[in-house]
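I have placed the structure first, in the form of structure tokens, so that the comments after it can refer back to it.
Order of the sequence lines sets the chain letters (A, B, ...), proteins ahead of strands, with each chain counted from 1. Computed from a predicted structure; not experimentally measured.
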There are 2 protein chains.
Amino acid sequence: MKDARKIKDLLYEQVARIGKVFSSPKRLELVELLCQGEKSVETLAHEASISVKLTSAHLRELRAAHLVETERQGKNIYYRLADKSVADLWVQIHTLAEERLIELQMALQKIATQPHDLVPSDRESLMKAARKGEVVVLDVRPSEEYLTAHLPFARSIPLEELRKRLGELPKDRAIVAYCRGPYCLMAADAVALLNGEGYSAIHLRDGVAEWAVTNR
Amino acid sequence: MKDARKIKDLLYEQVARIGKVFSSPKRLELVELLCQGEKSVETLAHEASISVKLTSAHLRELRAAHLVETERQGKNIYYRLADKSVADLWVQIHTLAEERLIELQMALQKIATQPHDLVPSDRESLMKAARKGEVVVLDVRPSEEYLTAHLPFARSIPLEELRKRLGELPKDRAIVAYCRGPYCLMAADAVALLNGEGYSAIHLRDGVAEWAVTNR
DNA sequence: TAATCATTCTAATATTTATTAGAATGTAAT
DNA sequence: ATTACATTCTAATAAATATTAGAATGATTA
């Protein structure tokens, strides 16, 4: 088998196709957005702060690697992750990045308004408290994303409506706010707002994708 | 917080540094080799079939992403993975690639000499049989790699020495051969050799890195 | 100390990839 | 049908990466 080298090259080349998807900051952001549920090209472009054309180009790469699927709904084309394991890989990559890159650790500390952030080991006790109603788990993402998937016992108040709907929240109990994940700033904003209004809010960095990955 | 976009860009950029490492076929091959234990630049270059200079350049990328560590031993500089989680990510990426890319599935089928390949679900029964001595688990990698880490109950006969040392293996029991992982052809060669000589050998695609990952 | 060796660094070029603009496609509304 | 709209495709350029060669480094051996 003298063409063993050719076969191996071919194999690694295929795997690299997947790796390439995760080598561009904007594609990573699109993957994270898609972890929240299916979205149209325009929505993705807006939320990632890039042009529709560029978004389309990146999505084409994602589709070429068979990591997303598309579906036409009226005028819009909706993209969604082809499999849950794509979200898992995103979580594992950003987790490894957080473990290994000091620069990332430092940047993440800037986001943390207070040292209130919950760590994975608190999961069980958080769920216990949420079940008993001792804490309010608050999902501050847009409501469509909440409807697609949310943490157990979570209540939905999108960040945009939060100021108006403060009355729905109790002041005598802890509020645990979360959003799309550690790189989404919505929960941090929500926590700042709530604490400024006399609530006792803390920030949970995990989003639904992170929560879905066991062994963390 | 109007610079939210800048912060986010910075965060995704950092994660993309990790992704970039896994976006090049040759870097992937180097990562897989490093999963087998620490190796010198020259060894890595030889085993990946690329020049020393190019190997050095790729290793520099790996080091810049803090995924490998170096240690000087005499004239040589040895590289090793900075953390077990790097090997885990390699396994998860190639697993996702195998799930999603038909091209890769087809290329892998070419390697499979027979439909004898073991699947993950056989792990428990394999270990049970190996413990009882009903099957021989055979590690055909170079002996240094075996010494660094190997599967439970595995015996080491490097592929190069296999023909000479056939007498050490029983003909009345199944032999399960493995090597560096699904993209390494050594175990396939070993299985072909053994079956040609009257042994009943089968090919286990997992290597130590794959074996170490749970939930598979 | 000089010579040798493994490896890295620097710089140059070849190849890819990202990004943008304009034309084309397919659907929905008028 | 015609128009408007969302998205993709094609083509062009700008930016980044892979690869190679030559000089430099740092440790070992003669």
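- Shown for residues 11-46 of chain A: residues whose heavy atoms fall under 4.0 angstrom of DNA chain C, namely A/Lys20, A/Ser24, A/Arg27.
- Annotation: B/Arg165, atom CZ; neighbour count of heavy atoms from other residues, nucleotides and ligands within 6.0 Å is above 12.
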Report task. In sequence, state the C-alpha distance, the side-chain angles, and the governing distance for A/Lys39 and A/Glu47, and then conclude on salt bridge (charged side-chain N to carboxylate O under 4.0 Å, His left out). Result -> CA-CA 10 Å; A/Lys39 288 174 182 287; A/Glu47 295 192 331; 3.2 Å; yes
Taking only N/O atoms, report every protein-nucleotides 12-14 of chain C pair under 3.5 Å with atom names and distance.
none

Report task. Apply ring-ring contact (aromatic ring centres under 6.0 Å, His included) to the pair B/Phe22 and A/Phe22, showing each step before the final yes or no. Result -> CA-CA 8 Å; B/Phe22 294 88; A/Phe22 293 89; 9.9 Å; no
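- Residue B/Arg180 forms a salt bridge (Lys or Arg N to Asp or Glu O under 4.0 Å) with just one option from B/Glu145, B/Glu29, B/Glu32, and that option is B/Glu145.
- Of the candidates A/Met186, A/Glu161, A/Glu160, A/Gln36, A/Pro142 forms a side chain to side chain contact (heavy atoms under 4.5 Å, CB included) with just one, namely A/Met186.
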**Report entry** B/Tyr178/B/Asp206 under side-chain hydrogen bond (donor to acceptor under 3.5 Å, both in side chains): CA gap, chis, key distance, verdict
**Finding:** CA-CA 7 Å; B/Tyr178 76 92; B/Asp206 287 347; over 6 Å; no
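- For the segment residues 49-78 of chain A, the set of residues with a heavy atom within less than 4.0 Å of an atom of DNA chain C comprises A/Lys53, A/Leu54, A/His58, A/Arg72, A/Gly74, A/Lys75, in numerical order.
- Partner of A/Leu138 under the side chain to side chain contact (heavy atoms under 4.5 Å, CB included) criterion, chosen from A/Val176, A/Leu169, A/Leu151: A/Leu169.
- At D/dT8, one or more side-chain N or O atoms of A/Tyr79 fall inside 4.0 Å of OP1 or OP2 (strictly under the cut-off).
- The side chain to side chain contact (heavy atoms under 4.5 Å, CB included) test with A/Tyr79 is passed by exactly one of A/Val68, A/Thr55, A/Leu30: A/Val68.
- Ring-plane geometry between A/Tyr146 and A/His150 is classed as parallel, the angle between the planes falling under 30 degrees on a 0 to 90 degree scale with a further cut at 60.
- The shortest heavy-atom contact between A/Arg17 and A/Ala64 is NH2-O, 2.6 Å.
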